[in-house]
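Quantities reported herein were computed from a predicted structural model and do not represent experimental measurements. FYI, the numbering just counts along the sequence from 1.
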Amino acid sequence: MTTTITSTLENCTIHETLIIDTFFPYSTSIKPTVSVNYSFPGPLIEAYEGDTLVIRVINRLNVPSTIHWHGMHQYGTPGMDGSVGVSQCAIPPGDEMIYEFKAEPAGTNWYHGHLLQQHTDGLFGPLIIHPRLNPSKQYYDSDRIFMLSDWYNNLSSELIPWFLNPNNPAGIEPPPDAIVVNEQFTQSLFVPVLGAMRIRFRVINAAPLSMYTVSIDGLPLHIIELDNTETIPYSVNSFSIHVTQRVSFYIDLSELYPNYTVSGSSPTNSLFIRFQAVLSMYAVDILNYIPPYEQARYPYPTFFTPLHLGILSLDSTNSTPAYPAGNPIPTLQNAVTPFDMNILAVRPLDRNIDGIPNATHYLPVLITFAQDANGINRAYLNNVTFTSDANYIPTTHEPTEGITSDTYAPLLHQMARKPNQLGIPLLRIEPESQLPTIQSDGNSHYLIPYEAVVDIYLNNTDVGDHPFHMHGFTFWIIATSQYPEAEYLYHGNYIRRDVITVPASGWAKIRFIANNPGAWLLHCHIDWHMTAGMILVLIVSPEQLLSEGYTIPQDQKDLCHALQVFNTNNGTVN
């Protein structure tokens, strides 16, 4: 997958039409994959920073749907975020919605479904926003995209009842059946260099569960972007990328390890690109595990192959490498293997001229799992599991006092209608911090003052890592339990991302400026954990939202009404 957009100095309006429907991605497939424009992944959307994206989304599924534009800040357009029950009502079957927003910030982004685990079923695609002036362009001649994902033989609607079940008290996530990269299964992904010597690869982890380690045999990888933040080139042998994170790196074929060249002992016309699933992500022995939900449907056991081998074709013949895939991978000189998952030693290309402000507010978030009253293993943030029916088609109505996600009125609409009646307590000083601590209403809604500088401390009591994504913002990563000294080593020059991997049985500290009024999700991006309730909502300054002129658009009201009619008709289209 390559990028081809032509540079321009003036802002443009980019029009796209995306059709959400199902299709069968290969000839013997029996799974109706949810897709955009009948492709998997969906089509590439490109723009320049500052352009306006006008995207018509048509829902041809028999259930509601929506799309989230992952990485887009949505300044001034909080209703375009695509979060059902938070920024908008879902798009009913046979209906459509026009998303219009500024293409910002520049970087490697993507879009995906944000309802009913449709992302797990294939609803995603790349969204690349190019900078007007690209200082990293000096490092590469060609630009490619890798979209990594888990493949499930079953639809998520078949897996969730098995996952959220008293018979699964440990909360074992449904293990995937395969790894897919750009629609290709292992050893079928060929990447010709097409005469280029220096190639940029944008890696997007679109998996619902798996973390991967990425490497290319015989070549150092020079990292130049982490989640939209351009970095000073940082040379590694390999790197890990968790769910929803993005990493850009370039390779220079002149740096190929001598053993792989024509003059070397093992000359080859191609190299293996390795996407290795990190086995510690799985709660079971993935190599020998027969998923119980498979037994009733398939007459044979299925086993996961955790290594996806792509092939970099040096002479564009698509020949397989002349050496076995099991050969030892050399440790290259002048390259490192990052010891922490967030690669905090990478430095941003542009240092913050004004420095990084000190925190003015504090939000502690305790991450736990526990069984509910029905024996189902749920995820909890500060002892609350997010159980919004908005994720499963809402059936209740907006209360007079307080706010609820279980409604035909998204939280953003409720902020606009009753900014002073949200029922969220004011700030107070807690023993664990000298800063005012942000409070919630007990239903995972947290009220944040405008332009507060907030430190969020994510305390993970679980034995697994959790990739947390914040909508509407990019945050500084201050430190993690894997790299606590980063807080002091990089003071005033922290790396910025929109996804933080919180280490297993560890912690992470992030900081952001609440300068984007609206309702924004903060959640673990592992789909199964979102389903289990690992979500909270940041309610940022209702007063500022109104003072900036926000009103609920009529088409948004119409969409909510159409959804209500759809549900009143027992889920049928008139």
| Heavy-atom pair with the smallest gap, counting every atom of Phe304 and Asp177 | CD1-C, 3.7 Å
| query | So His525 and His523, would you call those rings parallel, tilted or perpendicular, with 30° and 60° as cut-offs? | reply | tilted
| request: Check ring pair (Phe, Tyr, Trp, His ring centres under 6.0 Å) between His222 and all other residues, then give those that pass, not counting sequence neighbours. | output: Tyr250
| said: Strictly below 4.0 Å, N to O, side chains only: are Arg200 and Glu225 in salt-bridge contact? | reply: yes
| said: Can you tell whether the side chains of Asp498 and Arg246 come within less than 4.0 Å, N to carboxylate O? | reply: yes
| message | Can you confirm whether or not the ring centre of Phe249 sits under 6.0 Å from the ring centre of Phe239? | response | yes
| Going by the angle between their ring planes, with limits at 30° and 60°, are His471 and His68 parallel, tilted or perpendicular? | parallel
| field | Parallel, tilted or perpendicular: ring planes of Phe473 versus Trp520, cut at 30 and 60 degrees | value | perpendicular
| query | Which value, rounded to the nearest 0.5 Å, describes the distance between Asn228 atom CG and Glu104 atom CD? | reply | 11.0 Å
| Arg198 with Asp141: basic N within carboxylate O range, under 4.0 Å | yes
| task | Apply ring pair (Phe, Tyr, Trp, His ring centres under 6.0 Å) to the pair Phe23 and Phe40, showing each step before the final yes or no. | result | CA-CA 9 Å; Phe23 86 125; Phe40 171 68; 7.4 Å; no
| query | Between Trp528 and Tyr152, is the gap from one ring center to the other below 6.0 Å? | reply | yes
| said: For the aromatic rings, using the six-membered ring if either is Trp, is the centroid distance between Trp69 and Phe101 under 6.0 Å? | reply: yes
| note | OG1 (Thr22) and CG (Asp121) are apart, to the nearest 0.5 Å, by 10.5 Å
| Relative to each other, are the rings of His119 and Phe124 parallel, tilted or perpendicular (30° and 60° limits)? | perpendicular
| said: Taking the basic N atoms (NZ, or NE/NH1/NH2) and the acidic carboxylate oxygens, is any pair closer than 4.0 Å for Arg497 and Asp227? | reply: yes
| note | Between the CZ atom in Arg56 and the CD atom in Glu100, the distance rounded to the nearest 0.5 Å is 14.5 Å
| Hey, what's the ring geometry for Phe468 with His466, parallel, tilted or perpendicular (30° and 60° as the breaks)? | perpendicular
| request: Identify, with sequence neighbours excluded, every residue that meets ring pair (Phe, Tyr, Trp, His ring centres under 6.0 Å) alongside Tyr140. | output: none
| Step by step, would you call Ile311 with Val191 a side chain to side chain contact (heavy atoms under 4.5 Å, CB included)? | CA-CA 6 Å; Ile311 294 172; Val191 182; over 6 Å; no
| Minimum-distance pair of heavy atoms, taken over all atoms of Leu559 and Cys89 | CD2-O, 3.4 Å
| said: Any carboxylate oxygen within less than 4.0 angstrom of a Lys/Arg side-chain nitrogen, looking at Asp51 and Arg132? | reply: yes
| note | Heavy-atom nearest pair, Gly79 first then Gln88, reads O-CB, 4.3 Å
